[in-house]
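Here's the structure, in structure tokens; my notes come after.
Both backbone and side-chain heavy atoms feed into the values below; hydrogens, waters and symmetry mates do not. Each chain gets a letter, A, B and so on, in the order its sequence line appears, and its residues count up from 1.
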Number of protein chains: 2
Amino acid sequence: MSEPARSYHHGHLRETLLETAFGLVDTQGVEAISMRALAREAGVSSAAPFRHFADKQRLLDAVAEKAAAELERQLDEASAECSDALTQFRAMSVAYVRFAAEHPALFDLMHSTDSVAAPFLGTVKDERRLKLIALIIEGQNAGLIPEADPELIALTSEALTHGLARMIVDRHPRLRTLSSQEARQLALAATHLLQSGIGLS
Amino acid sequence: MSEPARSYHHGHLRETLLETAFGLVDTQGVEAISMRALAREAGVSSAAPFRHFADKQRLLDAVAEKAAAELERQLDEASAECSDALTQFRAMSVAYVRFAAEHPALFDLMHSTDSVAAPFLGTVKDERRLKLIALIIEGQNAGLIPEADPELIALTSEALTHGLARMIVDRHPRLRTLSSQEARQLALAATHLLQSGIGLS
DNA sequence: TCTCAATGTAAGCATCGCTAACTTACGGTA
DNA sequence: TACCGTAAGTTAGCGATGCTTACATTGAGA
């Protein structure tokens, strides 16, 4: 909050650009960001950002990775509060849908980003799938989840959750403020669908 | 295929622009289209397109509506070949996922378009939902679909189908040629998920 | 046949992504 | 401590884009 006299070298340009881009995508959508505007915002010449990001797409890739990390954090946080496997499983689904509802533009950017250019995205997805399958097996062992191919259950659940999230995002393209109460209700609806749909509990 | 000597007035500029934009989005993605390039392609000055579309977004809206109409045509075609309600229901789900797999960019554009600007999109969605619910009720009356809230079944199915479609689109962002055999396999997988997931038959 | 509205053109503005050539100053080394 | 190489900034500018304004052309209806 205090960069009073900056001379020539910014010092934290990369972080600064990344953070303001992140916030701008979140609040205004991805088409609202421009390299030159970011540079102006940071009080730096319009060519400076290119010292830190080869081109605009790389910057967006970095934003997407940051969003993925944040999503992951929220999923971990949600599941950490639960004891048994089934509850964790549900909590993660709810948190996933909620994130999409609360950060539609980030969610969209995450999924429109080539996972070759942003390998962290692919890694995170793979790890999450493994965790889901592990949870399902754990739940089955505890008698909480009916016996069925864990991969099929995971895939079905992923499709259902991702589908709900997408339906919300796609229906409210520019709606940036969905009250967290609304989001919660939607997320709970997702849980019920997961229960009745897959036959859990 | 023959516009040999065109003098001043093009004659079909609007359709021409719309069709080449549609094709360009389908094959190269939405970011590949520019007003000026479209004008060049049509052999017309770069200001001419704005006589037919107020701005670029309106053009994209029109492309999205055209894509929605095509999707709808394919869904109708798929369900028309089936006799009973359950089979129709499944055929529509399969066709939906297949369309997404074969035309990812159009599918994406359709859903990122504001349905206020392109009201046809909203209309089509509503009508499809009504048709799905009618099919479910019909299937229930015929004893083909278990008794449960038809709206819940419809919503679950929509989420699952849309989710699968999105997972395919999001995972292959630029993959434009997914063999139709692959697409068919994926669509069949969706059907199985619908069966096992919702408990149909 | 006249005319006017629809449809096209030419020219230009502001912005954008990105590059090239130059400058500054930080941090490791002699 | 003086030096210096390089990371990180600057200025200037190219080509492209979306879009506007003022003007030109022409087909269709009165």
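Residue contacts for A/Arg40: at a heavy-atom cut-off of 4.0 Å it reaches the sugar-phosphate backbone alone, with no base atom in range.
B/Asp61 meets the salt bridge (charged side-chain N to carboxylate O under 4.0 Å, His left out) test with no other residue; sequence neighbours excluded. For B/Lys131, the side-chain hydrogen bond (donor to acceptor under 3.5 Å, both in side chains) partners at least two apart in sequence or on another chain are B/Ser79. For A/Asp84, the side-chain hydrogen bond (donor to acceptor under 3.5 Å, both in side chains) partners two or more places apart in sequence, or in a different chain, are A/Thr87. Not counting sequence neighbours, the partners of B/Glu72 by the salt bridge (charged side-chain N to carboxylate O under 4.0 Å, His left out) test are B/Arg128. B/Arg36 is linked by a salt bridge (charged side-chain N to carboxylate O under 4.0 Å, His left out) to nothing, counting only residues two or more places apart in sequence or in another chain. Shown here are the salt bridge (charged side-chain N to carboxylate O under 4.0 Å, His left out) partners of A/Glu41, two or more places apart in sequence or in another chain: there are none. With sequence neighbours left out, B/Arg73 forms a side-chain hydrogen bond (donor to acceptor under 3.5 Å, both in side chains) with B/Glu70, B/Glu77.
In this structure, the NE2 atom of B/His12 is 13 Å from the P atom of C/dT7, given to the nearest Å. With rounding to whole Å, B/Leu59 atom CG is found 14 Å from D/dT17 atom C1'. Taking atom CZ of residue A/Arg58 and atom P of nucleotide C/dC18, one finds them 11 Å apart after rounding to whole Å.
For the segment residues 15-25 of chain A, the set of residues with a heavy atom within less than 4.0 Å of an atom of DNA chain D is empty.
Remark: B/His52 is in phosphate contact with C/dG8, judged by side-chain N or O atoms under 4.0 Å from OP1 or OP2.
Each of D/dA8, C/dG8, D/dT17 was ranked by its minimum atom distance to the side chain of A/Arg51; first place goes to D/dA8.
At least one side-chain heavy atom of A/His162 sits under 4.5 Å from a side-chain heavy atom of A/His111.
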Name the pairs: protein N/O against N/O of nucleotides 18-20 of chain D, kept only if under 3.5 Å.
{"from": "D/dG18", "atom 1": "OP1", "to": "B/Met35", "atom 2": "N", "distance (Å)": "3.1"}
{"from": "D/dG18", "atom 1": "OP1", "to": "B/Lys56", "atom 2": "NZ", "distance (Å)": "3.3"}
{"from": "D/dG18", "atom 1": "OP2", "to": "B/Met35", "atom 2": "N", "distance (Å)": "3.0"}
{"from": "D/dG18", "atom 1": "OP2", "to": "B/Arg36", "atom 2": "N", "distance (Å)": "3.3"}
{"from": "D/dG18", "atom 1": "N7", "to": "B/Arg36", "atom 2": "NH1", "distance (Å)": "2.6"}
{"from": "D/dG18", "atom 1": "O6", "to": "B/Arg36", "atom 2": "NH1", "distance (Å)": "2.8"}
{"from": "D/dC19", "atom 1": "OP2", "to": "B/Lys56", "atom 2": "N", "distance (Å)": "2.7"}
{"from": "D/dC19", "atom 1": "N4", "to": "B/Arg36", "atom 2": "NH1", "distance (Å)": "3.3"}

